[in-house]
Each structure stands twice: as structure tokens, then as C-alpha cells.
Amino acid sequence: MAAERYDAPKREKHWQAAWEERGIFRASEADTRPKYYVLEMFPYPSGRIHMGHVRNYTMGDVVARYMRAKGHNVLHPMGWDAFGLPAENAAIERGVHPAKWTYDNIAAMRGQLKSMGLSLDWTRELATCDLDYYHQQQRLFLDLLKAGLVDRKTRKVNWDPVDRTVLANEQVIDGRGWRSGALVEQREQPEWVFKITDYAEDLLQALERLERWPDKVRLMQANWIGRSEGLLVRFAVAGSAPDGHDIIEVFTTRPDTLFGASFVAISPDHPLAKTIAERSAEARSFIEECHHHGTSAAALETLEKKGLDTALRVRHPLIEGATLPVFIANFILMEYGTGAVFGCPAHDQRDLEFARAYGLPVIPVVLPPGEDAKTFTIGDAAYTGDGTMINSGFLDGLDVAAAKEAVADRLVKTKLKGKAAAARQVQYRLRDWGISRQRYWGCPIPMIHCPSCGIVPVPESDLPVKLPDDVSFDRPGNPLDHHPTWSRVTCPQCGGKATRETDTMDTFVDSSWYFARFCAPKSTEPTDIAATGYWLPVDQYIGGVEHAILHLLYARFFTRAMHKTGHALIDEPFRGLFTQGMVTHETYKDVHGKWLLPEEVRKEGGSAVHAKTGEPIVVGAIESMSKSKKNVVDPETIIAAYGADTARWFMLSDTPPERDIEWSAGGVEGAHRFLQRVWRLVHEVAAKTKAAAKPQGFGAEAEALRRAAHRSTAAVTAAIEKLRFNTAVAQIYELANALSLSLQSAGPHPSPDMAYALREAAELLARIASPMVPHLAEECWAALGHKTLLAEHPWPTPESALLLEETVTIAVQVNGKRRDELTIARDAAKEDIEAAALKLENVVRAVGGRKIKKIVVVPQRIVNVVA
RNA sequence: GCCCCAGUGGCGGAAUUGGUAGACGCGGCAGACUCAAAAUCUGUUGUCGGCAACGACGUGCUGGUUCGAGUCCGGCCUGGGGCACCA
């Protein structure tokens with residue numbers, strides 16, 4: 001006889017051991033079933049899993065288990081994004097070696113993930129800090145180098161003074177380091193870059209074909225790449241020009257406004273500006289001043305437009321004899337376009353502010369619709385809309401688009417010092433990916449600096465470049481620079497004394513190809529082409545939106561790079577992407593304004609008090625769980641108390657997976673109660689019925705239960721396919737409710753047809769719930785007398801005859817207002833539906849004897865009587 | 001400033017994509033069981049009027065298209081996200 005309650009924490013261990021013993025989650029390429037690769041973004045081994053992990057991995061596991069049951073050969077691996085700063089911080093703060101800290105954390109988190117009952121192939125586990133992994137990554141780096149995809153550039157970099165490292169643009173948020181939160185400084189420094197801009201156009205174009213990606217993510221990436229079409233215009237310097245600067249190139253998206261140009265401005269970092277600074281103290285101090293201001297949004301907001309007249313003049317390309325002054329201006333970025341612009345104050349806000357400050361002409365050249373050319377003037381706001389060209393010579397009368405074309409056509413054909421005066425050009429906002437980090441705990445860049453040969457790659461036979469174990473963290477900066485011997489090597493070309501590159505790679509490189517390594521994690525090559533050819537692309541990738549740009553763009557680039565270097569056969573790594581929402585919780589503060597953990601708070605009626613002192617508590621906003629606000633709940637505690645299935649069920653219930661979910665104690669209780677209820681229901685069915693052959697016929701009640709069970713099966717199937725887990729959960733509730741009602745009305749001794757229907761419904765309940773609550777499902781499956789594992793059973797197919805009702809209920813409206821409803825044969829003819837509807841008492845009353853103008857009949861849906 | 005998304009009961013949300021708004025869950029209320037509590041079970045629960053049948057109103061606001069609008073179109077309000085001196 002069954003116990004009163006289901007002891008989930010205990011039984012879950014049993015089922016996990018049973019799955020493990022059968023090795024059913026191990027994936028093999030030698031399989032004839034269609035492949036399916038499910039991947040969740042691998043975790044950083046911080047030491048403990050958090051609720052965000054629980055949500056992410058539960059969703060992935062539902063997909064993995066469902067696809068397996070659907071007859072796919074499923075790859076569902078797990079690994080660790082294990083390089084990165086926190087390990088070094090731990091070393092600094094606690095004196096633990098980063099490797100030990102990391103591997104200890106991995107061990108702890110592996111145990112926690114295992115307690116969730118995830119259907120993972122643990123034989124493929126990898127950590128990016130494994131020597132084998134970063135060895136292969138160094139080989140990839142060298143292959144990318146050979147393919148011309150790696151460059152060394154000295155450029156202005158974002159320097160994080162707290163973490164003492166360079167950051168990629170993507171890692172600077174509001175002028176601050178994404179990890180340290182420190183104000184980022186600008187520095188000129190040589191660094192290694194991946195030439196992601198080579199693929200700017202392709203990365204943009206291919207977004208259109210990523211149909212199973214959220215539109216939001218595709219849009220964010222498109223904006224980040226930031227394509228704009230325009231014209232590269234060459235301005236000739238009038239009179240004598242500084243050496244090599246007789247032409248100033250300017251990129252513009254508004255060549256139509258060229259007749260309204262009143263100045264040219266160059267960036268303080270423009271080569272011409274530097275040349276001028278060599279002879280002008282005034283220019284030197286101005287440039288110096290420009291470098292001083294920060295780049296944060298707030299700093300830019302208040303920054304005045306400032307410039308310095310260089311005394312140089314350039315010839316206007318379209319107006320014979322006209323010249324424009326050349327300024328060095330603080331608002332021109334060297335990083336975008338050519339680092340120089342022409343200013344048309346009437347139609348660009350920045351140019352207008354600048355022109356007003358320096359008394360430059362403001363010439364309107366685009367006339368807004370409805371304005372009179374004689375009276376139209378520009379006030380405080382530049383006009384950026386469409387209109388008719390004026391004051392523009394041969395452009396007059398054209399609209400903006402036509403004028404752009406006309407200017408381009410003419411200048412492309414005009415010769416200027418032997419070359420075309422202009423060229424059509426496309427510019428991108430995207431910059432090359434700087435991967436150099438001045439840190440210890442990362443993949444060493446396999447390069448050597450030789451005083452006589454320059455920079456030479458480490459020969460592949462000398463790989464891996466292994467991180468030294470004996471490092472100290474007692475000084476700020478890069479421990480690799482401080483190591484007494486590590487960086488001293490002989491040059492592989494000349495054999496002379498040389499030094500190693502001490503920069504390590506951005507950890508986003510590590511996560512740009514791990515999905516490929518999972519296909520053959522033990523391969524002696526970076527990737528095994530047979531295995532990646534089989535498994536890739538990832539069919540369903542699941543992770544947080546916070547990676548919508550950084551990680552996902554890098555991985556898309558890197559896959560192209562691997563394709564080019566023969567390490568992959570595809571360009572797009574992730575066919576389907578799903579970005580799940582965050583886990584949130586109420587925040588609590590005590591009377592002293594100190595944050596409190598949820599477990600320190602007790603709810604009493606409508607108010608909250610301190611669990612120990614009874615002092616009142618201020619309940620704050622619902623925010624995403626974070627240690628700093630203490631609104632965190634530890635998954636381990638929940639799993640120990642309620643079992644993994646409760647945590648999983650909660651994560652999937654109620655809230656759509658892409659939205660933020662609010663974790664609450666009440667919600668957990670509710671989830672747990674429901675799982676107990678399912679357990680009781682199934683055990684009651686098992687006790688009251690025996691497995692038997694399908695009866696010849698079914699009574700009305702048994703038939704109704706069967707319909708409910710098969711309908712729920714179909715609905716859950718459709719919901720999981722669309723990753724709408726919350727509606728799948730609701731369907732399972734409905735089936736449980738139907739089963740519960742039938743069980744009661746069937747009494748202690750159900751008739752044979754009802755017994756069959758009850759058992760069938762209980763089995764279907766267990767089967768359709770199994771991807772979400774796999775342990776409980778196994779328990780129920782066993783209770784119903786099965787000796788096999790449900791995890792190895794195929795997904796149920798509902799009987800189609802049970803999905804269609806013979807009669808349907810359709811609403812009847814009069815003049816668009818619902819007045820009654822009508823139950824009629826599913827395939828009833830239109831005329832019959834019409835006739836039946838008109839006989840309804842409520843309809844007759846609502847019509848009130850008026851003349852019927854029209855009757856709209858949508859079979860199986862609605863009737864609308866228009867009177 | 002530019003681009004995008006979302007507003008539905010007390011709450012999370014559902015609605016076959018133009019066809020009965022509020023499925024399912026949480027919470028509330030009433031009841032059964034119990035000495036009592038917990039657990040469990042049953043009923044009820046958008047608002048207003050009515051004993052009821054029923055009626056009116058109702059998907060942020062506003063106007064429109066349609067036999068019919070939560071869903072489509074225009075304008076506005078609020079909240080959220082992304083980018084941001086990008087030429």
C-alpha cells in the first residue's frame with residue numbers, strides 16, 4: 001500500500017540513479033534517428049547555482065526530454081565557462097589559486113545540477129579552463145591568424161582602472177566596466193583584434209534568415225552592426241596643404257545637403273589634426289583638452305560643441321570658387337567613418353549648435369512641405385525631414401532621395417587630383433573585436449615578441465602555451481607580466497631571446513565555439529568535422545537576453561571564421577534561439593534600512609515582520625534576484641525541502657517563459673501541492689483499477705474522460721513545440737481536474753469501461769507531464785505497474801477520433817452582441833444553423849420584430865444576426 | 001534624441017491570430033471532514049443592477065475599418081528594453 005505522501009527528495013535520487021545506470025541520456029553520432037541538439041548557455045562556475053540557472057536548465061530539459069520521446073537522437077550537454085575575473089579576485093582576496101577555486105566550484109555546481117534531474121550527457125562535460133580546451137582554442141587562434149582574421153592594432157581602447165584590463169565596446173555600459181562598474185578611461189594601446197567587421201554585411205544579412213530567433217534579438221543585432229549607406233566625398237585643400245593632407249575625406253549620409261555646407265570638421269584624433277598640432281601650440285592644447293572629457297552619456301549630454309579653426313580651407317566640390325573653413329571639433333569621432341565631416345547646420349542639430357557658436361552661415365537647402373522658400377528660416381532646431389531642394393543649384397526642385405542620387409552621380413564622375421571626387425560607401429557602427437585582456441585566468445594568446453623578427457606565432461608543435469601554476473596576486477596588474485620566467489622564450493624563427501605575449505583572450509572567445517566542441521569533446525582537433533557536421537547547428541539554444549548582442553554576435557562571427565578555416569561546415573551556429581526572462585523576487589528592508597533575505601521575513605496577513613524580532617519590514621519593489629539586494633532564494637534549499645520537480649514545475653507555471661517570473665513562497669507551496677495531488681490521484685487510480693484490454697464501447701462519462709485526456713495530450717504537445725510551457729502546465733491542470741472528477745463519480749468500484757478510461761488518463765497524465773516533472777512521472781508510471789522507465793518511452797499520440805467533438809457550441813449574436821448560444825452537430829449545414837439560431841428565445845427577443853437584414857454564419861464558430 | 005516591445009479581474013496570465021473575453025493557477029469568500037488545527041475535498045469569485053430569468057458596462061485613453069475588434073489602422077498616455085555626439 002502506498003504511503004500517504006510522496007517523499008520527493010528521496011525518490012528523486014532513486015530515479016536519477018536509474019537513469020544514470022541505463023545511460024539513456026548519452027548521445028551518439030551512430031544513430032539513425034533524426035538528430036536534435038538542445039543547448040542552454042553554459043554557466044560561469046561561481047560556486048552555487050541560482051534560480052536563473054534553474055529556470056534556464058529546466059526549459060532546456062523539457063525540450064530535450066520531449067524531443068527524445070518524439071524519437072530524436074538528442075544531444076544535451078553541459079560544461080563550464082570557467083575562465084574569468086572572479087577566480088582571480090578570489091585568489092587576491094582569499095589566497096586560493098584560481099584553478100582550485102574554479103574546479104572546486106565546478107564540483108559543487110555539478111552536484112547541484114545533478115540534483116535537478118536534468119537529462120544531460122555528462123560524458124561530454126568540459127570546462128573552458130581545461131588545458132585541452134584552451135590548447136585547441138590556441139590552435140583556432142593560429143588558424144584565424146593565417147586566414148587573415150586576426151590583426152594587431154593600436155587604437156583607443158577602453159581601460160578599466162579597477163580590473164586593470166581592456167574592455168571591448170560591448171563590455172562598456174554607460175561608460176562603466178560591465179563587471180567592475182568603474183568609470184572607463186580612454187587609452188591608446190596595442191591589442192589583438194578579431195576582424196569581425198569583415199563579416200559585418202553577412203552578419204546583418206543573415207539575420208533575416210534566422211526565423212526561429214526572437215525579432216527583438218535580431219533587431220538589437222542589426223542596430224548594433226549599424227549599417228548606413230552614404231557617400232565618401234573628397235575635399236581638396238585650397239592653397240598649400242600640410243604634407244600628405246591635400247585631400248580631406250568625409251563620409252556623409254546626406255550628400256543632398258552639400259549646398260548647405262558651411263564648414264568641415266575633423267576629429268582631434270585625425271592624422272591631419274596631429275600634423276597641425278606639431279606646429280601649433282594652440283592646436284596641441286585644444287586636442288589635449290578634448291581628450292580630457294569622459295565618454296559617459298552624462299558627460300556628453302552637457303558637453304558644449306567646441307572647435308578650433310585650423311586656418312585651412314577646402315574647396316566646395318559643387319560650387320566653383322567657394323571654400324569652407326576646416327575646424328578641429330570635439331564632437332567628431334575618429335572611430336566612425338573617416339573621422340571628418342562636412343557640416344550642414346540647417347539640417348543637422350549638432351552642426352547647427354556648432355555653427356551658432358562660431359558664427360557660421362546657416363543655409364536651408366531642404367524646404368519642408370507647406371513652407372514658402374522666401375520666408376523659411378531655421379531657428380533652434382535643424383530640419384531633418386524630407387522636402388524640396390532649394391538654394392542648391394542643379395538639385396533645386398528634387399526631393400531628398402533624388403538629390404542624394406544626383407549628387408552621387410555627379411561627384412562619382414567628377415575627377416579630383418586624378419581620382420573620382422566621391423564614391424558610394426557603406427559604413428558600419430560595428431568595430432573589430434578586441435580580444436586582449438591583461439589578466440592571468442584566461443587562454444594565453446600564442447604569440448611571441450622577438451626584437452629582431454617582430455611578432456611571430458608560437459609554432460603549433462609548441463602548443464599548448466600553458467598557464468603557469470606558480471603565480472602571485474600580490475601586486476595589481478597582470479600576474480603573467482610579473483612571472484619571473486614564463487614570458488622568457490627563444491624566438492621560434494631566429495632562436496634569439498624573445499618574450500611571450502602576456503595578454504590572454506577575452507572569455508567571450510571561449511564561449512564562441514564551445515557548442516562545437518561538445519560535438520566531439522575529446523577530439524585531438526579543435527573540432528571533429530564528422531561530429532560537428534552531424535550535430536550542428538544547435539537546433540534550440542536557450543539563455544538570457546543579456547547575451548542578445550555580445551555572446552550571440554561573437555559566436556555567429558566565430559562560426560564563420562571556423563567555416564573559413566575548415567573547422568566547421570556552417571555559418572550560423574544556432575537555428576533556434578529562445579531568450580528566457582529573469583527570476584525576480586520582492587525586496588525587504590528592516591527599520592534600519594538594511595536589506596533582508598526572504599527567509600528572514602514572515603508574512604502576517606497583509607504586512608510583513610521580521611521572523612525573529614517581529615519588527616515591521618518594508619516590502620520593496622519586485623526586482624531580479626541579486627545578492628546585493630538579498631532577494632535571493634537558494635535552489636538547493638528548495639530542492640532539499642520540496643524536491644527538484646517542485647522547483648521545475650514552479651518555473652514553468654503561469655508566467656510565459658520569455659517574461660520575468662516572480663518567485664514566491666506561496667507559489668512554491670502551490671506547485672508542491674499540485675504534484676502531491678497528481679501522485680495521490682494516480683495511486684488511487686492504480687488501487688481501484690487493473691490494467692485491462694480496451695473495452696468494445698464506452699459509456700458517456702468514460703468517453704468524456706477519454707476525450708479530455710486525449711485533448712490535453714494534443715494541447716500539451718502543441719504547447720511544448722512552441723515553448724509555451726505555461727499553457728502546457730495549464731492543460732495538465734485541466735486533465736488532473738477531469739481525472740479527479742471522474743474518479744470521484746466512479747465510486748470505489750469503477751465499471752470496466754470507466755476503469756480503462758481512468759487508467760488511460762492517469763498514464764497520459766504521467767506521460768505528458770514527464771518532460772517537466774520527470775521524477776514524479778516515473779513514480780506514477782511505476783505505480784501504474786510499469787517495469788520500464790518512462791524516460792525511454794515514446795511520446796503519446798492522441799487518438800484523432802477523440803479530438804473532434806460531434807457537437808459544437810456556437811455563440812449567437814444579434815447586431816454583434818452575444819445573446820445566446822447554440823449546441824448543434826459539428827457538420828450542420830449553414831441553413832440549419834441559421835434556422836436554429838433564429839428560433840432561440842433570447843434571439844427573438846433581441847431582434848424585437850425588426851427586419852433581419854443579414855445573417856453571418858461562421859460554421860463551428862458564431863452566428864451574427866444583423867437586424 | 002533615435003529604434004523597438006508591452007498595457008486584459010485583487011495577482012500571474014489564457015484567448016485556435018478578426019468570431020462566446022477572462023482557460024488554468026494564486027488569492028478571497030462560503031461549506032464538508034475534524035474536539036480543534038493542518039492536510040484534503042466541494043461550491044463560488046470581472047464590475048454594476050436584480051430574488052431570479054436577465055440586462056448594462058468591461059481588454060490603458062481616443063477616433064476609425066468591419067456583420068463582428070483584446071486582436072487591424074490613425075492619434076495620445078503609461079511602463080519596459082536597446083542604441084546613443086554614428087556624420
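Computed from a predicted model, the values in this text were never measured in an experiment. In what follows, chains carry the letters A, B, and so on, assigned in the order in which the sequence lines appear, proteins first and then strands, with residues in each chain numbered from 1.
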What nucleotide among B:rA39, B:rA87, B:rG13 has an atom nearest to a side-chain atom of A:P656?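 Ranking B:rA39, B:rA87, B:rG13 by closest atom to the A:P656 side chain puts B:rG13 first.
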Nearest-nucleotide pick for A:L333, side chain only, options being B:rA14, B:rA87, B:rC3: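 My answer, after comparing the listed nucleotides, is B:rA87.
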Is it true that atom CG of A:D380 has more than 12 heavy atoms of other residues, nucleotides or ligands lying nearer than 6.0 Å?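 For A:D380, atom CG is not crowded (no more than 12 foreign heavy atoms under 6.0 Å).
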Give a yes or no on whether A:E701 atom CD has more than 12 heavy-atom contacts from other residues, nucleotides or ligands under 6.0 Å away.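 12 or below, so no.
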Sidechain N-carboxylate O distance under 4.0 Å for [X], [Y]:
| X | Y | result |
| --- | --- | --- |
| A:K306 | A:E289 | yes |
| A:R227 | A:E201 | yes |
| A:K688 | A:E684 | yes |

Partner nucleotide, any strand, of [N] [Watson-Crick/G-U, under 3.5 Å]:
| N | value |
| --- | --- |
| B:rC2 | B:rG82 |
| B:rG46 | B:rC57 |
| B:rU17 | none |
| B:rG10 | B:rC26 |
| B:rA32 | B:rU40 |
| B:rU65 | none |

Of the residues in [range], which ones touch RNA chain B at a heavy-atom distance under 4.0 Å?
| range | result |
| --- | --- |
| residues 851-867 of chain A | A:K854, A:V856, A:V858, A:R861, A:I862, A:N864, A:V866 |
| residues 341-351 of chain A | A:V341, A:R350 |
| residues 728-738 of chain A | A:A730, A:Y733, A:E734, A:N737 |

Any base atoms under 4.0 Å from [X], or only sugar-phosphate, or nothing? Heavy atoms, all strands.
| X | answer |
| --- | --- |
| A:T338 | nothing |
| A:L219 | sugar-phosphate |
| A:D215 | nothing |
| A:Q744 | sugar-phosphate |
| A:R218 | nothing |
| A:R227 | nothing |
| A:T655 | sugar-phosphate |

Quantified in whole Å, what is the [atom1] atom distance between nucleotide [N] and nucleotide [M]?
| N | M | atom1 | answer |
| --- | --- | --- | --- |
| B:rC3 | B:rA56 | C1' | 43 Å |
| B:rG75 | B:rU65 | C1' | 15 Å |
| B:rU8 | B:rC57 | C1' | 15 Å |
| B:rG19 | B:rC76 | C1' | 29 Å |
| B:rA15 | B:rG31 | P | 36 Å |
| B:rC33 | B:rU45 | P | 23 Å |
| B:rA23 | B:rA30 | P | 22 Å |
| B:rG12 | B:rA6 | C1' | 16 Å |

Can any side-chain N or O of A:T257 pair as donor or acceptor with the backbone N or O of A:G260 at less than 3.5 Å?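 It does not hold such a pair.
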How long is the span from the [atom1] atom in [X] to the [atom2] atom in [Y], to the nearest 0.5 Å?
| X | Y | atom1 | atom2 | value |
| --- | --- | --- | --- | --- |
| A:N223 | A:L204 | CG | CG | 9.5 Å |
| A:E353 | A:D348 | CD | CG | 9.0 Å |
| A:N726 | A:E658 | CG | CD | 7.5 Å |

Return the value, rounded to whole Å, for the distance between atom [atom1] of [X] and atom [atom2] of [N].
| X | N | atom1 | atom2 | answer |
| --- | --- | --- | --- | --- |
| A:F650 | B:rG12 | CZ | P | 13 Å |
| A:F725 | B:rG13 | CZ | C1' | 17 Å |
| A:I810 | B:rU16 | CD1 | P | 18 Å |

Which atom pair, heavy atoms only, marks the closest approach of [X] to [Y]?
| X | Y | answer |
| --- | --- | --- |
| A:V407 | A:P255 | CG2-O, 3.6 Å |
| A:P317 | A:F235 | CD-CE2, 3.5 Å |
| A:L758 | A:A746 | CD1-CB, 4.2 Å |
| A:W663 | A:H585 | O-CD2, 3.2 Å |

OP1 or OP2 of [N] under 4.0 Å from side-chain N/O of [X]:
| X | N | answer |
| --- | --- | --- |
| A:T253 | B:rC86 | no |
| A:R673 | B:rG27 | yes |
| A:R680 | B:rA39 | no |
| A:R5 | B:rA38 | no |
| A:K817 | B:rC57 | yes |
| A:N330 | B:rC85 | no |
| A:R819 | B:rG55 | yes |

First encountered from the 5' end of RNA chain B, between A:N815 and A:D660: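 It is A:D660 whose nearest nucleotide is closer to the 5' end.
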Which is more 5' along RNA chain B, the nucleotide nearest A:R845 or the one nearest A:T809? Just name the residue.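 It is A:T809, whose closest nucleotide lies nearer the 5' terminus.
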Could you tell me if the ring centre of A:F354 sits under 6.0 Å from that of A:F263?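 They qualify: ring centres under 6.0 Å apart.
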Suppose we call two aromatic rings close when their centres sit under 6.0 Å apart. Are A:F650 and A:Y642 close by that rule?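 No, the ring of A:F650 stays outside the 6.0 Å limit from the ring of A:Y642, centre to centre.
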